[in-house]
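Predicted model only: the values in this text are computed from it and were never measured.
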Amino acid sequence: MTAYLLQLVLMIALVGGLAVLALWLYRRLQPGMAFGSRERALRIIDAQPMGPMSRLAVVEFAGKRYLIAVSRGRVDRIAEADAPNFVVPDA
């Protein structure tokens with residue numbers, strides 16, 4: 001009986017470890033993404049909720065910043081400006 005319980009505990013730990021490893025690998029090796037970190041072409045600078053289903057966001061892409069309105073099923077560009085020269089530190 002003791003050997004059975006020990007074997008059961010070890011198998012549960014092994015299956016749990018394999019599940020954690022699988023989730024980690026899935027996150028790291030998502031289809032279409034390089035292994036490890038990569039430089040992203042798009043960066044969300046800031047976002048502000050405007051209501052329960054809408055928000056304003058500042059997005060940086062190709063050296064420009066875009067102010068966009070995002071609502072259910074729709075994205076509208078409101079304004080466009082050149083990105084400033086300084087680098088915004090990632091939090």
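For the pair V59/R43, no side-chain contact is recorded, criterion being any heavy-atom separation below 4.5 Å from C-beta on. The closest side-chain heavy-atom distance from M50 to S71 is not below 4.5 Å.
In the hydrophobic cluster analysis, where Ile, Leu, Val, Met, Phe, Trp and Tyr join through side-chain heavy atoms closer than 4.5 angstrom, I45 is grouped apart from I68. In the hydrophobic clustering of ILVMFWY residues, with side-chain heavy atoms under 4.5 Å counting as a link, L67 and F61 come out apart. One hydrophobic cluster, built from ILVMFWY side chains closer than 4.5 Å, holds both L42 and V75. Under the 4.5 Å side-chain heavy-atom criterion for grouping Ile, Leu, Val, Met, Phe, Trp and Tyr, V58 is not connected to V70 through any hydrophobic cluster.
Under the rule for a side chain to side chain contact (heavy atoms under 4.5 Å, CB included), L23 has no partner lying at least two apart in sequence or in another chain. Take R77 and apply the salt bridge (charged side-chain N to carboxylate O under 4.0 Å, His left out) test, not counting sequence neighbours, and it matches E80.
Taking Ile, Leu, Val, Met, Phe, Trp and Tyr as hydrophobic and joining them when side-chain heavy atoms fall under 4.5 Å apart, one finds L14 in a cluster with M11, L18.
Between atom CG of residue D82 and atom NZ of residue K64 there is a gap of 4.0 Å, rounded to the nearest 0.5 Å. Atom-to-atom distance recorded for Q7:CD and I12:CD1 is 11.0 Å, nearest 0.5 angstrom. Between atom CG of residue D46 and atom CD of residue E60 there is a gap of 12.5 Å, rounded to the nearest 0.5 Å.
Surrounding CD1 of I44 are at most 12 heavy atoms belonging to other residues, nucleotides or ligands under 6.0 Å away.
The two residues A47 and R55 have their closest heavy-atom pair at CB-NH1, 3.8 Å.
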